[in-house]
Amino acid sequence: MDIDSKKKLAPAGISIRNGPIEEDSDDDAPLVNGNGKRKSRSSIAKVSYKADSDSDDSRPLAKRQRKVADSDSDDAIMSRRRSSAKLPPAVTETANIEDSDDDVPLTTKLAQRKKSIEKAAEKATKKPAAKKAVKDESDDDVPLSRAKGPQRNGTKAKSNGVKKEESDSDTPIRSKVKAATAKDKTATSATKKAPAKKAAKKEESAEAEGEEEEGEYEWWNAPKKEDDSVKWTTLEHNGVLFPPAYEPLPKNVKLYYDGKPISMHLEAEEVAGFFGSMLSSTHNVENPVFQKNFFGDFQEVLKRTGGAKDRDGNKVAIKEFSKLDFSKIFDYYHAKSEARKARPAAEKKEEKAERDKAEAPFMYCKWDGRKEKVGNFRVEPPSLFRGRGEHPKTGKLKLRVMPEQVTINIGKDAQVPQPPAGHKWKAIQHDNKATWLAMWQENINGAYKYVMLAANSAIKGQSDFKKFEKARELKKHISRIRKDYERELKSEIMADRQRATAMYLIDKFALRAGNEKDAENEAETVGCCSLKYEHITLREPNTVIFDFLGKDSIRFYDEVTVDRQVFKNLRMFKKTPKKDGDDIFDRLTTSQLNKHLGSYMQGLTAKVFRTYNASFTMSTLLKGLEVKNLTIPEKVKLYNDCNREVAILCNHKRTVGAGHEAQMEKLGDRIKGMKYQLWRTKQMILDVDPKQKKKKGTEYFALDDKIDDAWIEEHIAFLVEEQRTKIQKKFEKDNEKLQANKEKVMPDKELKERLKAVNELEKKLKKEHKSKKVEAEGKSPSVDKIEANVEKIEQRIKTLELQAADRDGNKEVALGTSKINYIDPRLTVVFSRKFDVPIEKFFSKTLREKFNWAIKSVESDDNWEF
DNA sequence: CTGCTCACTTAGGAGAAGATTT
DNA sequence: AAATCTTCTCCTAAGTGAGCAG
């Protein structure tokens, strides 16, 4: 990791006064945390899942935001967030002065880069505001959820910065819009009616209901909903698909205990199978906690089901994990999956068709009359829980989910899906403020599992869109927020000072909020507010070293320099008697922090900063690219470089694959091979025209210094061998052909004859190597021709080297996560259009579907900016 | 406040599918 | 056509944060 990447020198002029609370002797003193914890919510209730409680339907389960738009009193807003249908007029403008109009030189140095990005952010605070007002984007300052009245439609009619010129409206571009349902219309009719021409058009096509198969609901062109807490008016679906019943092992496949095969109840056998089938996942299987948890649960199941018996039907006590031998089970499953893979293609296809057919009813639902894809309609099958990191419960048995545990959420008038024969649902509800279709609780942590729509659905798209709009909104407040927290770094109130410090970290280093966790039942990971004493090391004068496990137990390690005041604060927050295990921010919780953030901007929370910083960084980096006259792969590479920086910012990692090292070496060898070829080709020039040596200089003809004699010899051997097998293969093939044509085959003598060429090649290469002279190849070689060749080879080397660097730089960075969740897709779409790179190069099929809204909504606006 | 429930986004890895090389 | 490498999709765990009760 590039350690310098985040360096940022503490501003010089910072006054190093000792704040009055530096000593913090008052009652504000940090509470030692060991167990006098202030903010813990440690005790985790035993999850009760009362699997029954029965389907007396209507019981509204969902609690969320159901209080209808209560207050209009617009400064009660803060606590009201989501529900507030009406809001104070968007906060006007930040009071920041200070114009930094240097123009952000994007050097390659990340450090400077980051700094300038921040600067740019400040700038952006003001400029776009002005620009926007004129340009379009009326929505920029419109709080997302608001939208009363017929605003935009009448005027310029671009919902989200989509232009779609009015004049166009007579060409039926939008053949698609049919889908809107009657209900949908009622909800928004007020807004819909208003604008004459265009809306009428839409409406008209909307009438064509029922054929939504083809129709695409362009919600991004639709008027904004008044009340987005209601998620649907009608909802039909077919429930969930349960996993198949357990398929017993064949009689001859047994678990062994102490060297002897044993039998047991199918229920226990299934559990043994879970472990046995994952033997290749050493990472889990060799983890002692995993073993212990598995074994405990396994024993329990055994006990409940009559225990284990040997061949003769005698009971066998299963006492020690280490005496269990799953290898037969493993072999069986392994062979089975191999066999499946090896089946003829036709068979596979058939099976797939069959499966698709069985799944078809669950794949889609009808949401407000529109067909929408369901995301995860399959109920999670039983398995061993694979908690990440040092999860205390990893390896425990995750039980089979029964219909009796599943709650169905569905439209009032919809047909309730039939539970599997002989079963019933836990409950049926009709909560239209929830987006899920089905829900159950899992037995390990009592976590809720929801069946929701797929990423390409309107509902998910809309919230994605809102997320990015929220982040863009932050642009207008960021400079004020930064100023404030910089000031508050010196606040006399401990809590405020901690809050400001936390905000600084979240803003600068893209830390997560860091909610409180349950130490006993979860892996010990942290985010900003839950950072512990030992996660931060301070080094004078202003270096901070982070080292902690974040979400998914991914290590966050970074050495950064911070504002001097931040450094001092952290030092203070770590002051004795604090010790390992204690919270750094002992007076701060995420909800306090978020509440404070909310006072700057409706809906602002810590996570918005990650989105904002990621997208803003991407935007800035893309703007700084020199993209002219490049090939498509080169442009893609540049884009990916930017993407990678964002991924690094967000600490998105992946484990480097086992084969990585070998692959790199192979690539390296290929490059060396090309370089050798390059050298040979250049030598040919000298063969044709020795005078070129003076002309081009010795340097030009030199061999890459990483290539030594030993390597060349090896390489020659390799080339020769390669050639040999090639000829051999060719010979065999030719013979096969002859045979097929009933002609007589060539004798081995012919092969030998042909192989002579190889011997000659070998001789030639060796001679070249010795004499360092290369005879020109080809007929009538000329300097020009050879130079053209050189050019070609150099190009190929460049490509390969690029590829190698790319891959190495990528080995432990995952680009996907930031692309999917953090980088406003419109940035990518605009880049793609502006520089003529097909969007397919950036978004896979599913991603294109997910980001359809982005692709469509900036398709006529190359100047869209984050 | 705190504690707890609930809903929804974000995350990495496994395995399938596709592309490329042999 | 098989082997191998690369990319994509699926899966589900692990976060964030809203909102309610006491």
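Every heavy atom of this structure was used, including side-chain atoms; hydrogens, water molecules and symmetry mates were not. Throughout, a chain's letter reflects where its sequence line sits, starting with A, and its residues are numbered from 1.
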> A:Ser844: which residues meet the side-chain hydrogen bond (donor to acceptor under 3.5 Å, both in side chains) condition with it, sequence neighbours left out?
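A:Ser844 satisfies side-chain hydrogen bond (donor to acceptor under 3.5 Å, both in side chains) with A:Thr846 only.
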> Check whether any side-chain nitrogen or oxygen of A:Tyr822 sits under 4.0 Å from OP1 or OP2 of B:dA11, and answer yes or no.
yes
> Within the structure, does a side-chain N or O atom of A:Lys460 lie under 4.0 Å from either OP1 or OP2 of B:dT9?
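Affirmative; the distance criterion is met.
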> Looking at A:Tyr450, I'd like to know whether one of its side-chain N or O atoms comes within less than 4.0 Å of OP1 or OP2 on B:dA7.
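It does, given that an N or O in the side chain of A:Tyr450 lies less than 4.0 Å from OP1 or OP2 of B:dA7.
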> Calculate the interatomic distance between A:Lys607 atom NZ and B:dC8 atom P; express it in whole Å.
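Checked: the NZ to P distance equals 13 Å.
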> Take atom CG of A:Asn409 and atom P of B:dA7, then tell me their distance rounded to the nearest Å.
8 Å
> Using atom CG of A:Leu593 as one end and atom C1' of C:dG17 as the other, report the distance to the nearest whole Å.
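Rounded to the whole Å, the gap is 12 Å.
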> Closest-nucleotide mapping onto DNA chain B: is A:Arg610 or A:Met452 further toward the 5' terminus? I mean the 5' end.
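The residue closer to the strand's 5' end, by nearest nucleotide, is A:Met452.
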> Is the shortest side-chain N/O distance from A:Asn515 to OP1 or OP2 of C:dT16 below 4.0 Å?
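For C:dT16, OP1/OP2 do have a side-chain N/O of A:Asn515 under 4.0 Å.
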> Between A:Leu511 (CG) and B:dA11 (P), how many Å, whole number?
13 Å
> A:Phe468: which residues meet the ring pair (Phe, Tyr, Trp, His ring centres under 6.0 Å) condition with it, sequence neighbours left out?
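So A:Phe468 forms no ring pair (Phe, Tyr, Trp, His ring centres under 6.0 Å) with any residue.
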> Taking only residues two or more places apart in sequence or in another chain, which ones pass ring pair (Phe, Tyr, Trp, His ring centres under 6.0 Å) with A:Phe377?
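Ring pair (Phe, Tyr, Trp, His ring centres under 6.0 Å) list for A:Phe377, sorted by chain: empty.
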> Could you tell me the separation between the CD atom of A:Gln592 and the P atom of B:dG3, rounded to a whole number of Å?
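Taking atom P of B:dG3 as the reference, CD of A:Gln592 is at 13 Å.
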> With sequence neighbours excluded, tell me which residues meet side-chain hydrogen bond (donor to acceptor under 3.5 Å, both in side chains) with A:Ser281.
A:Asn284
> Ignoring hydrogens and angles, state whether a donor on the side chain of A:Asn852 or A:Asn456 is under 3.5 Å from an acceptor on the partner side chain.
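No.
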> Would one find a side-chain N or O of A:Lys231 under 4.0 angstrom from OP1 or OP2 of B:dC8?
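For A:Lys231, the contact criterion (side-chain N or O under 4.0 Å from OP1 or OP2 of B:dC8) is met.
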> Grab the CD1-P distance between A:Ile823 and B:dA11 for me, whole Å please.
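Distance, rounded to whole Å: 12 Å.
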> With a 4.0 Å cut-off, would you call A:Lys466 and A:Glu469 a salt bridge?
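Between A:Glu469 and A:Lys466 there is no salt bridge, as every charged N stays at least 4.0 Å from the carboxylate O atoms.
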> Reading nucleotides 3-14 of chain C 5' to 3', which nucleotides get B (base under 4.0 Å from a protein heavy atom), which S (sugar-phosphate only), which -?
--SS-SS-SBSB
> Atom CG of A:Leu649 to atom P of B:dT10: distance rounded to whole Å?
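Roughly 15 Å, once rounded to whole Å.
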> Can you sort out the partners of A:Tyr822 under ring pair (Phe, Tyr, Trp, His ring centres under 6.0 Å), two or more places apart, ordered by chain and number?
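Counting only residues at least two positions away or on another chain, A:Tyr822 forms a ring pair (Phe, Tyr, Trp, His ring centres under 6.0 Å) with A:His652.
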> I'd like to know if A:Glu380 and A:Lys398 make a salt bridge, using a cut-off of under 4.0 Å between side-chain N and carboxylate O.
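Salt bridge: yes.
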> Would you indicate what A:Thr590 reaches in the nucleic acid, counting non-hydrogen atoms under 4.0 angstrom: base, sugar-phosphate, or nothing?
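Nothing, no heavy atom under 4.0 Å.
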> B:dG12 phosphate, OP1 or OP2: any side-chain N/O from A:Thr817 under 4.0 angstrom?
yes
> Among B:dG13, B:dA16, B:dA11, which is the nearest nucleotide to the side chain of A:Lys341?
B:dA16
> May I have the distance from A:Lys466 (atom NZ) to B:dC8 (atom P), rounded to whole angstrom?
11 Å
> Under 4.0 Å from OP1 or OP2 of B:dC8: is there any side-chain N or O of A:Ser463 that close?
no
